[in-house]
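Below you'll find the structure, written out as structure tokens, and then a few comments.
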Amino acid sequence: MSGGLAVGQQTAPAARRSRLSPMTYALIALGALLVLSAVRVITGAGDLTSTGSVQAALTAAVPIAMAALAGLWAERAGVINIGLEGMMVLGTFGAGYAGYQWGPWAGVVFGLLLGVLGGLLHAVATVTFGVDHIISGVAINLLAPGAALFLSKQFFADAAGGGQKQSPRIQDAEKVSVPGLPDLLGSIEDKRWFFVSDLAGILRGLTTQVSLLTVLAAVLIAGSAFVLWKTPLGLRLRSCGEAPVAAESLGVNVYKYKYLAVTASGAFAGLGGAILAVTSGQFRDGQTGGRGFIGLAAMIFGNWRPGGLATGAGLFGYTDALALRGSLAVHALLLLLAIALVVVAVWQYREGAPVLSAVSAAIGVLFAWWYFTSDGIPPELVGAAPYVVTILVLALASQRLRAPRAVGEVYRRGEGK
Amino acid sequence: MRTLSARSVLLGLAAPLGALLFAVLVCALILIVSGHSPVTAVDSLLTSASRPRTTVNSINSAIGYYLAAVAVAIGFRMKLFNIGVDGQYRLAAMLSAALAGAAFMESLPSFLRVTMTVVAAMLVGAVWAGIAALLKVTRGVSEVITTIMLNAIATNLVAYLLNPDRLAEAVPGSNNISTRPITEGGQVPGIAIPGSTSALFGLVFLAVAVGVGYWFLFGRTRLGFEIKATGLSESAAVASGVSVKKMVLLSMLLSGAVAGLIGLPQLLGSSHSYALDFPPGLGFIGIAVALLGRNHPIGMAFAALLWGFLDNSSTSLDIAGVPREIVLIMQGVIVLSVVVAYELVRRYRVRAEQRDVGRALAIQKSPEEVSV
């Protein structure tokens with residue numbers, strides 16, 4: 001973080017090779033799926049790849065992915081946004097307010113707009129007044145839940161079905177399925193074949209009864225990737241996060257792009273909150289439960305890239321979903337984590353980092369030992385998984401992570417050095 | 001000694017007072033728009049403040065807020081954001097409560113029991129903060145991210161440990177769960193205040209001692225100077241032989257140790273056990289209080305008192321028919337506007353100084369030089 005101390009920071013070496021090809025990614029995904037099916041067979045935890053788990057994972061992942069996308073937009077323009085949590089809270093209230101009166105889609109729009117307000121507040125503080133980004137974010141996280149609770153008392157206390165801390169019920173958004181596919185995949189899934197049934201289960205989860213909100217989220221992630229990396233606007237916006245002074249010297253209006261980015265960030269965070277409220281049927285106080293922070297974690301996990309953050313959000317959503325589906329599936333997670341760490345250890349060794357490799361191998365062995373000596377994980381600890389994974393990624397693979405160079409720095413026009 | 005001119009004093013006070021005024025105005029506006037009377041709100045707040053009981057409760061809350069602010073400020077002094085004060089506090093309060101309530105402690109003398117509880121809390125806080133410090137100095141991982149993650153992990157860990165199968169037991173007659181209650185020998189007696197039913201926490205002296213220690217560390221010791229120097233300019237500190245890694249470790253451990261103390265005044269003074277309803281979020285209040293008090297030992301004390309007063313008199317608002325959440329909005333607005341105000345004052349001060357320098361140079365020049 002450039003705003004703080006530079007001690008211990010490691011600059012990522014210049015890319016030695018071009019980015020991995022889509023083929024490589026496909027192979028990695030295939031390998032992961034093979035491991036997953038193997039673990040499913042070994043542990044007998046059918047929930048690992050069942051349709052229900054995948055559907056639940058998708059539902060849990062969408063708000064996290066939206067928060068991560070919000071973080072991506074802000075940080076790519078050089079503004080750290082830890083106010084995501086607060087902006088999500090505003091989104092949940094907005095969805096509750098408009099959702100119960102005019103339907104789920106009005107709720108989504110209204111939540112998004114309230115998120116925009118939060119984003120604008122952050123932009124005014126950090127861009128116009130040059131306040132430290134972390135401080136402004138913390139302030140928004142203090143302000144937003146208070147405001148949401150105040151408004152909830154104001155509007156929901158007397159509404160039918162509402163209360164002081166919750167809104168009346170909101171109707172859920174429409175769900176769609178790919179026609180014909182579910183029955184076919186369902187019959188394959190029931191066969192319990194190695195790999196084939198697992199693949200069928202996952203595909204069925206991804207194509208059956210998918211909420212339109214999930215589709216919207218997927219479109220937005222792909223759209224963000226396009227806008228940020230394939231258009232002049234995206235190039236300029238990212239230049240503000242890498243080298244604002246250089247961008248300024250080339251005639252980019254840095255303030256304008258930062259405002260745009262942080263406002264968009266607020267919009268995505270608000271949308272994430274709104275989707276959360278709509279899919280869970282109402283606004284409740286404290287509903288976000290740290291998802292803004294998990295989103296931030298997913299973004300870092302994904303190395304500040306749309307595909308990466310979607311993967312991160314998917315993984316975190318998956319652990320969430322498994323936690324709800326019984327101890328057998330959760331127990332299998334330990335083995336998965338151990339295998340992943342051993343893979344990391346091998347990779348680190350080949351990268352020429354024997355110490356890190358040894359550390360990951362040791363932690364991996366610890367997880368494996370935990371798996372073989374216990375018959376379940378306490379459910380309270382499962383919630384910590386996304387956070388532990390993020391810390392492990394930061395600690396063990398940080399040489400592959402690269403944040404935008406000028407993220408967190410306060411930029412003043414005309415004062416560049 | 002720094003010279004205090006009238007201007008610097010005025011400018012120093014302008015920001016916090018201006019921010020307070022702004023926050024009051026914003027809240028008054030919100031109340032008017034939402035159909036409540038700001039006059040009633042202010043009136044009920046002031047009436048409530050005049051009751052001795054509210055005053056004592058406000059000071060009691062302020063003790064925890066002050067400790068939280070000092071923990072945050074130690075990090076701030078060297079540009080370290082210890083967002084994790086909250087997690088460090090909760091984990092330390094929970095584990096030290098379990099220790100203080102444990103059966104084997106009951107045979108020990110009271111002084112030893114309390115000392116052990118305090119030391120345990122400081123150790124737990126320091127260890128939890130130390131993880132972030134270690135990752136920062138060895139792997140360069142931002143402490144903001146790790147402490148946010150560690151907060152969440154602490155939440156899960158506390159939920160795991162606070163279970164009748166582990167360190168806790170069910171509270172009879174309710175569905176609350178708490179650690180084993182601390183018997184009298186492990187408690188710190190309160191100070192009775194005439195006219196008030198609640199007593200002042202005995203550990204108020206701990207907070208004062210921490211405040212004095214904080215002042216002494218940064219005002220009188222080499223370590224404090226080096227921490228401050230690192231915060232002001234990392235490269236200059238490195239050039240003069242300061243080991244930044246050592247400073248990061250030390251200040252983070254120190255910050256965590258103080259964070260560990262936050263829950264103790266309440267734990268040993270009134271609740272005597274760590275239960276599900278132990279107040280969360282104190283670490284974040286600490287950030288707000290440290291900002292409002294500008295990391296100054298006395299400034300933070302005033303800010304903590306203001307926060308404590310707002311929290312404790314807010315219940316009177318509900319009675320007066322005004323939603324008490326307006327206080328939360330007010331606190332948020334105060335934090336946001338006070339940091340903006342400090343920035344504006346800083347810019348004004350820089351400009352005023354430049355003007356002074358320009359004027360002083362102009363006087364020294366003779367008319368011929370100027371005309372050339």
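So that the names make sense, note that chain A is the first sequence line, chain B the second, and so on, each numbered from 1. Scope of the values below: all heavy atoms of this structure, side chains included, with no hydrogens, waters or symmetry mates. The model shown is predicted, which means the values in this text are computed figures rather than measured ones.
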statement: Only one of B:Thr40, B:Val322, B:Leu317 passes side-chain contact (heavy atoms from CB on, under 4.5 Å) with B:Leu45, and that residue is B:Leu317

Is [X] in contact with chain B via its backbone, its side chain, both, or neither, using a 4.5 Å heavy-atom distance?
X: A:Leu151; result: neither
X: A:Ser152; result: neither
X: A:Ile294; result: neither

Side chain, backbone, both or neither of [X] within contact of chain A (heavy atoms, under 4.5 Å):
X: B:Ile287; value: side chain
X: B:Val248; value: side chain
X: B:Ile83; value: side chain
X: B:Asn163; value: side chain
X: B:Ser337; value: neither
X: B:Ile334; value: neither
X: B:Ile329; value: both
X: B:Arg346; value: neither

task: Check the pair A:Met299 / A:Leu296 against side chain to side chain contact (heavy atoms under 4.5 Å, CB included), numbers first and verdict last.
output: CA-CA 5 Å; A:Met299 177 198 70; A:Leu296 206 62; 4.2 Å; yes

- prompt: Should we count NZ of B:Lys228 as having more than 12 external heavy atoms under 6.0 Å?
  reply: yes

message: Is it the case that over 12 heavy atoms from other parts of the model lie below 6.0 angstrom from the OH atom of A:Tyr255?
response: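 Correct, the count exceeds 12.
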
- prompt: Under 4.0 Å between a Lys/Arg side-chain N and an Asp/Glu carboxylate O for A:Asp158 and A:Lys153?
  reply: no

- request: Apply the test side chain to side chain contact (heavy atoms under 4.5 Å, CB included) to residues A:Tyr97 and A:Leu114: give CA-CA distance (whole Å), side-chain angles for both, the deciding distance (0.1 Å), then the verdict.
  value: CA-CA 11 Å; A:Tyr97 177 73; A:Leu114 279 190; over 6 Å; no

Greatest number of heavy atom pairs closer than 4.5 Å to chain B - which of A:Ala157, A:Ala139, A:Ala403, A:Ala125: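 Most pairs with chain B among the choices: A:Ala139.
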
Residue among [options] with most heavy-atom pairs under 4.5 Å to chain A:
options: B:Met247, B:Glu325, B:Glu343; answer: B:Glu325
options: B:Val333, B:Val335, B:Leu161, B:Ile148; answer: B:Ile148
options: B:Gly35, B:Gly231, B:Ser34; answer: B:Ser34

task: Using the six-membered ring wherever Trp is involved, compare the ring planes of B:Phe81 and B:Phe76 and label them parallel, tilted or perpendicular (cut-offs 30° and 60°).
output: perpendicular

task: May I ask you to decide if the ring planes of A:Phe156 and A:Phe93 are parallel, tilted or perpendicular, using 30° and 60° as cut-offs?
output: tilted

Ring-face cation contact, B:Tyr342 with B:Arg294, 6.0 Å cut, 45° max: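 That pair qualifies as a cation-pi contact.
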
query: Does one side chain, of B:Arg90 or B:Thr155, offer a donor that lies under 3.5 Å from an acceptor on the other?
result: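 Per modelled atom types, B:Arg90 and B:Thr155 side chains form a pair under 3.5 Å.
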
message: For A:Gln164 and A:Asp285, which I'm curious about, is there any donor-acceptor pair between the side chains at under 3.5 Å?
response: no

Residues that B:Gln331 engages under side-chain contact (heavy atoms from CB on, under 4.5 Å), provided they are two or more places apart: B:Trp307, B:Leu310, B:Asp311, B:Val327, B:Leu328

query: Are there residues of residues 382-390 of chain A that reach to under 4.5 Å of chain B by heavy atoms, and which ones?
result: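 Near chain B, by residue number: A:Gly383, A:Ala384, A:Tyr387, A:Val388, A:Thr390.
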
- prompt: Is there side-chain contact between B:Glu143 and B:Leu135, with at least one heavy-atom pair below 4.5 Å?
  reply: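 SC-SC contact between B:Glu143 and B:Leu135 ruled out.
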
